[in-house]
Amino acid sequence: MNNIQFTAPPLPHYIISGRDLIIPGHEHPSRRNLGVFDLLYVLEGTLYIAEEQRQYEVRQGQALILSPNLAHVTTKPCEVPTHYFWLHFQTTGAWQHVEQHDYRLPPANIDYAHISTMDMNPFTIELPIYATIKHPSHMFEAMEELSRLRALMHQQSTRWQQQLVFQEIVQQLANSVEREPRSQAAECAELAADYLRQHYQDNVTAKELGEYLNFHPVYIARCMKKHFGSSPMEYLHRYRVHQAKLLLLHTNHSIARIAEEVGFSQAAYFSTIFTKYEGLPPRAFRQSYR
DNA sequence: TACGTAGATTGAAGTACCAG
DNA sequence: CTGGTACTTCAATCTACGTA
């Protein structure tokens, strides 16, 4: 498990942070059940820390996130003066340890039809447990800013500002996740999906898609099935139904007009497809929200 | 009046398999 | 990894009729 995956909303939130110096022969405190995430970012020197069975040497420019529910111990005292930032954060949402995955691909079997049209679409934030930060100067500035703001924490506006700066730090961490290169098949699948999303209002055919991508339609279908769990047409239908749901809720257009706007030339056929994915016809879907 | 459903038909898309 | 073929499946259309 290399990463921690947070489901948002809610976003992880900042609690408190600080800067510390450990002189040679001394060590970072060992703790268990801290109850919050503990982000360590080393400016100089090295921290020697183990969490459960995994040992880390956190060097200059590297970060380590300790989890709230795991015990972490120092494996040996610092050998040189070690300067680091620590930051406690937490989430009230779901999180889990995960192996890294290719963030550029949507999850397999993505089901657009079941994404609620009244709520914000949930997403995940994946942070590395242990990483070398790609832009150390940005990380340093953000951490310094948090240290400065700490003195002004009695002000409401400061506490808000702290959360904004913390989100920058989260972004820095997320950008430092090492990605595995995408396979050609994954590339093909994603390009095809892009094309379908851009042309869902048109009469898209597999042949056109093949000509656009310079791949055989059979091959494209195979790639999409493998990476999205859907054939191109099924992907297109799900996306069209998703768009139709938005129009049903936010406009008073007739079913026939909405069908046309999302790429169905026959309202009756649109209704059939909508019912297939939603479990109820378009009109019933609209009425259920009115 | 607008919309939903069902059945028949046809051509396009998907799948399995093989080859380069 | 990609393309091609043969076969199967299903999307799309049309129409008629029922329903809110």
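Side chains are part of it too, since the values below use all heavy atoms of this structure and drop only hydrogens, waters and symmetry mates. In what follows, every chain begins at residue 1, and chains take the letters A, B, ... in the order their sequences are listed.
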Q: Compute the bend angle of the helix from B:dT1-C:dA20 to B:dG20-C:dC1 from the end axes (five pairs per end), rounded to 10°.
A: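 Here the helix ends are tilted 60° relative to one another.
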Q: State whether the side chain of A:Q201 and the backbone N or O of A:E261 hold a donor-acceptor pair below 3.5 Å, judged by distance alone.
A: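 Checked: pair present.
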Between [atom2] on [N] and [atom1] on [X], what's the gap in Å once rounded to a whole number?
X      : N      : atom1 : atom2 : result
A:I258 : B:dA2  : CD1   : C1'   : 13 Å
A:I255 : B:dT1  : CD1   : P     : 18 Å
A:E234 : C:dC10 : CD    : P     : 10 Å
A:H216 : C:dG4  : NE2   : C1'   : 6 Å
A:Y219 : C:dG4  : OH    : P     : 14 Å
A:I220 : C:dT2  : CD1   : P     : 11 Å

**Q.** Flag side-chain contact, heavy atom, 4.5 Å: A:P232 against A:Y195
**A.**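 Answer no - side chains too far apart.
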**Q.** Any donor-acceptor N or O pair under 3.5 Å, side chains A:T46, A:E57
**A.**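 No, because no side-chain N or O of A:T46 sits under 3.5 Å from a partner of the opposite role on A:E57.
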Q.
When you compare the side chains of A:Y130 and A:R54, does any donor N or O come within less than 3.5 Å of an acceptor on the partner?
A.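 No, because no side-chain N or O of A:Y130 sits under 3.5 Å from a partner of the opposite role on A:R54.
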Protein-nucleic acid N or O pairs under 3.5 Å, nucleotides 17-20 of chain B:
from: B:dC17; atom 1: N4; to: A:R222; atom 2: NH2; distance (Å): 3.4

Q | A:S271 side chain near B:dG4 phosphate (N/O to OP1/OP2, under 4.0 Å) | A |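 It does, given that an N or O in the side chain of A:S271 lies less than 4.0 Å from OP1 or OP2 of B:dG4.
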Q) So does A:T275 get a side-chain nitrogen or oxygen closer than 4.0 Å to the phosphate oxygens (OP1/OP2) of B:dT5? A)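 Indeed, a polar side-chain atom of A:T275 lies that close.
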Q. Which atom names give the shortest non-hydrogen contact between A:L196 and A:L236, and what distance separates them?
A.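 Minimum heavy-atom contact is O-CD1, 3.8 Å.
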(Q) Using the rule that Ile, Leu, Val, Met, Phe, Trp and Tyr join whenever any side-chain heavy atoms are under 4.5 Å apart, tell me whether A:I15 and A:L127 fall into a single cluster. (A)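 Both belong to a single hydrophobic cluster.
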Q.
Once side-chain hydrogen bond (donor to acceptor under 3.5 Å, both in side chains) is applied, do any residues pair with A:E27, and if so which ones, sequence neighbours excluded?
A.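 None.
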Q) Who are the side-chain hydrogen bond (donor to acceptor under 3.5 Å, both in side chains) partners of A:S67, not counting sequence neighbours? A)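 Counting only residues at least two positions away or on another chain, A:S67 forms a side-chain hydrogen bond (donor to acceptor under 3.5 Å, both in side chains) with A:H97.
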Q) Got a sec, which residues hit salt bridge (charged side-chain N to carboxylate O under 4.0 Å, His left out) with A:R31, two or more places apart in sequence or on another chain? A)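 Per chain and number, A:R31 pairs via salt bridge (charged side-chain N to carboxylate O under 4.0 Å, His left out) with A:D38.
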**Q.** Residues A:R59 and A:E44 bridged, charged N to O under 4.0 Å
**A.**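 Looking at A:R59 and A:E44, the cut-off is not met.
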Q. Would you call A:R238 and A:E234 a salt bridge, taking side-chain N to carboxylate O under 4.0 Å as the test?
A.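 Salt bridge between A:R238 and A:E234, a charged N being under 4.0 Å from a carboxylate O: yes.
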Please tabulate, one pair per line, each protein N/O and nucleotide N/O from nucleotides 11-17 of chain C that are separated by under 3.5 Å, including the distance.
from: C:dA12; atom 1: OP2; to: A:H237; atom 2: NE2; distance (Å): 2.5
from: C:dA12; atom 1: OP2; to: A:Y269; atom 2: OH; distance (Å): 2.4
from: C:dT13; atom 1: OP1; to: A:S265; atom 2: OG; distance (Å): 2.6
from: C:dT13; atom 1: OP2; to: A:S265; atom 2: OG; distance (Å): 2.8
from: C:dC14; atom 1: OP2; to: A:Q266; atom 2: NE2; distance (Å): 2.5

